[in-house]
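One structure below.
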Amino acid sequence: MAETLKDRLVREIVLTGPMTVADYVTRCLHDPKGGYYATRPALGEGGDFITAPLISQMFGELIGLWAIETWTRLGAPERVRLVEVGPGDGTLMSDVLRAARLVPGFLQAVDLILIEPSAPLRAEQARRLADADAHPRWLSALHQIETDAPVILIANEVLDCLPARQFIKTEGGWAERRIGVTDDNELTFGLTAIADGFETPGFDVEPGQIIEISEQQAAFGRDLASLIRAASGAALLIDYGRSKPEAGDTLQALRRHQKVDPLSTPGEADLTQWADFPLVLEAAVRGGADVTGCVGQGAFLKALGIEARAQRLMQGRPEAAPVIQRQLDRLTAPDQMGELFKATAIFSPHSLALPGF
């Protein structure tokens, strides 16, 4: 029987000691042999989870119009780098480029870049965008993007894939939550002493509560700031997460649209943690960029005109009106994605006013 990712993680933990939550999530998602994104990413209704672009074309079309308007406010430069980080199956960018046909000058200016580490997803993106109005090229990291033209960057549900370490307040002080191994070789959560660089949070935490700190999310904010400062432009971030510092264990695993135990089947489920928008935006500001406020996805999409777009679609396809209304509600209603999901942007120069904020 072939060795599984779980087998290898158990052996590694036995040899080297308990693993941080952040390291565990990274291995589950990106391990070359058994990681979720490296081997079996499954999106959409038939997969493990569904993202906003897969709910309705309206989402991607409005992000496309946001990109065009941002380009216009940058002075409609002759060259612009349109970048998507974590493009999934390519649906969002396909919808963005279709909306961009309204402004041929924008499409002519675009150098399309996709940041994607997953080989299976790169192949799916290439297939979906084969006949698109702009041909993509793939890079592995933000620092590889040239800075001799403005950048308009989209990152939808990227932050939640950048994991956090977990710390818990106990009656005796702070400890780190890590993954260990039981006597019968099962993965389990446990507590270890804090050995490095932990700063007590600047908000009240009760004993028993968990806080999450993501060095990867902070680094992403710093890297975006560096890129946007050097090139000028804007980075749009949309994700589910917190808009103020607070405690909470947000680690979850999704398999076939159902929550499962994050430790039960490493590499076979999608693991996520909430986006920490305050952390990301603080890192970007420290990196010298400007940031917008953090607004609910529903308010953001409504500011971009999603309700008018839905009405036009309903008028053109009356038989589909109930479905379009459900899609609109799914994306914007406060009890669905409208408030849990949030939008924010990092930009430069300071004078740039971004649509939707």
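By convention here, the first residue in the shown sequence is residue 1. Below, each value reflects all heavy atoms present in this structure, side chains not excepted, and no hydrogens, waters or symmetry copies.
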Does the side chain of Phe189 come within less than 4.5 Å of Ile179's, by heavy atoms? yes
Backbone N/O of Leu159 and side chain of Gln217: donor-acceptor pair under 3.5 Å: yes
Indicate the ring-plane relationship of Phe357 and Phe300, choosing parallel, tilted or perpendicular according to the 30° and 60° boundaries. tilted
What are the two closest non-hydrogen atoms of Leu153 and Trp66, and how far apart are they? O-CZ3, 4.5 Å
If you measure from the Lys or Arg side-chain nitrogens to the Asp or Glu carboxylate oxygens, is any gap between Asp204 and Lys169 under 4.0 Å? no
Would Thr250 and Glu212 count as having a side-chain donor-acceptor pair, cut-off 3.5 Å? yes
Within the 4.5 Å heavy-atom criterion, are Asp239 and Trp274 side-chain neighbours or not? no
When every non-hydrogen atom of Ala343 is compared with those of Ile238, the smallest separation belongs to CB-CG1, 4.0 Å
Return the CG to CG distance between Asp276 and Leu281, rounded to the nearest 0.5 Å. 9.0 Å
Residue pairs passing the side-chain hydrogen bond (donor to acceptor under 3.5 Å, both in side chains) test with at least one member in residues 335-357, sequence neighbours excluded, are Asp290-His350, Thr292-Thr344
Could you tell me whether Asp131 atom CG has more than 12 heavy atoms of other residues or ligands within 6.0 Å of it? no
Between Glu282 and Arg286, does at least one N-O distance fall below 4.0 Å, as a salt bridge requires? yes
Quick check for you: to the nearest 0.5 Å, what is the distance between Arg137 atom CZ and Ile113 atom CD1? 4.0 Å
Tell me if the CD atom of Glu319 is crowded by more than 12 foreign heavy atoms within 6.0 Å. yes
Sub-4.5 Å side-chain heavy-atom contact between Arg79 and Asp111: no
Could you walk me through whether Leu271 and Cys28 satisfy the side chain to side chain contact (heavy atoms under 4.5 Å, CB included) test, starting with their C-alpha distance in whole Å, then the side-chain angles of each, then the deciding distance to 0.1 Å, before giving a yes or no? CA-CA 8 Å; Leu271 296 185; Cys28 288; 3.6 Å; yes
Can Val25 and Leu162 be said to form a side chain to side chain contact (heavy atoms under 4.5 Å, CB included), step by step? CA-CA 9 Å; Val25 172; Leu162 302 178; over 6 Å; no
Checking Ser214 side chain against Pro163 main chain: does a donor-acceptor pair fall under 3.5 Å? yes
For the pair Asp223 and His143, evaluate side chain to side chain contact (heavy atoms under 4.5 Å, CB included) and give the outcome as yes or no after the intermediate values. CA-CA 7 Å; Asp223 291 346; His143 67 81; over 6 Å; no
Smallest heavy-atom separation, Asp133 atom then Leu97 atom, equals OD2-O, 4.0 Å
Identify the heavy atoms of Leu354 and Ala345 that sit nearest to each other, and give their distance. CD1-CB, 3.5 Å
Please report the interatomic distance CG(Leu227) to CZ(Arg81), rounded to the nearest 0.5 Å. 10.0 Å
Give the minimum heavy-atom separation between Pro266 and Leu9, together with the two atoms involved. CB-CD1, 3.8 Å
Quick check for you: to the nearest 0.5 Å, what is the distance between Leu352 atom CG and Arg73 atom CZ? 8.0 Å
Give the intermediate values and the outcome of side chain to side chain contact (heavy atoms under 4.5 Å, CB included) for residues Lys244 and Phe203. CA-CA 10 Å; Lys244 63 180 181 181; Phe203 54 91; over 6 Å; no
Counting only heavy atoms not in Asp183, do more than 12 sit closer than 6.0 Å to its CG atom? no
Without swapping roles, check the side chain of Arg128 against the backbone of Gly90 for a donor-acceptor pair under 3.5 Å. no
Please say whether more than 12 non-hydrogen atoms of neighbouring residues, nucleotides or ligands are located less than 6.0 Å from CZ in Arg229. no
I'd like to know if the side chain of Asp7 pairs up with that of Thr4 as donor and acceptor (distance under 3.5 Å, no hydrogens or angles considered). yes
Minimal non-hydrogen separation, Glu116 against Pro87, with atom names: OE1-CD, 3.2 Å
Any link between Ile55 and Leu65 through a network of hydrophobic side chains (Ile, Leu, Val, Met, Phe, Trp, Tyr) touching at under 4.5 Å? yes
Run the salt-bridge test on Asp95 and Arg98 with the 4.0 Å N-O cut-off and return the result as yes or no. yes
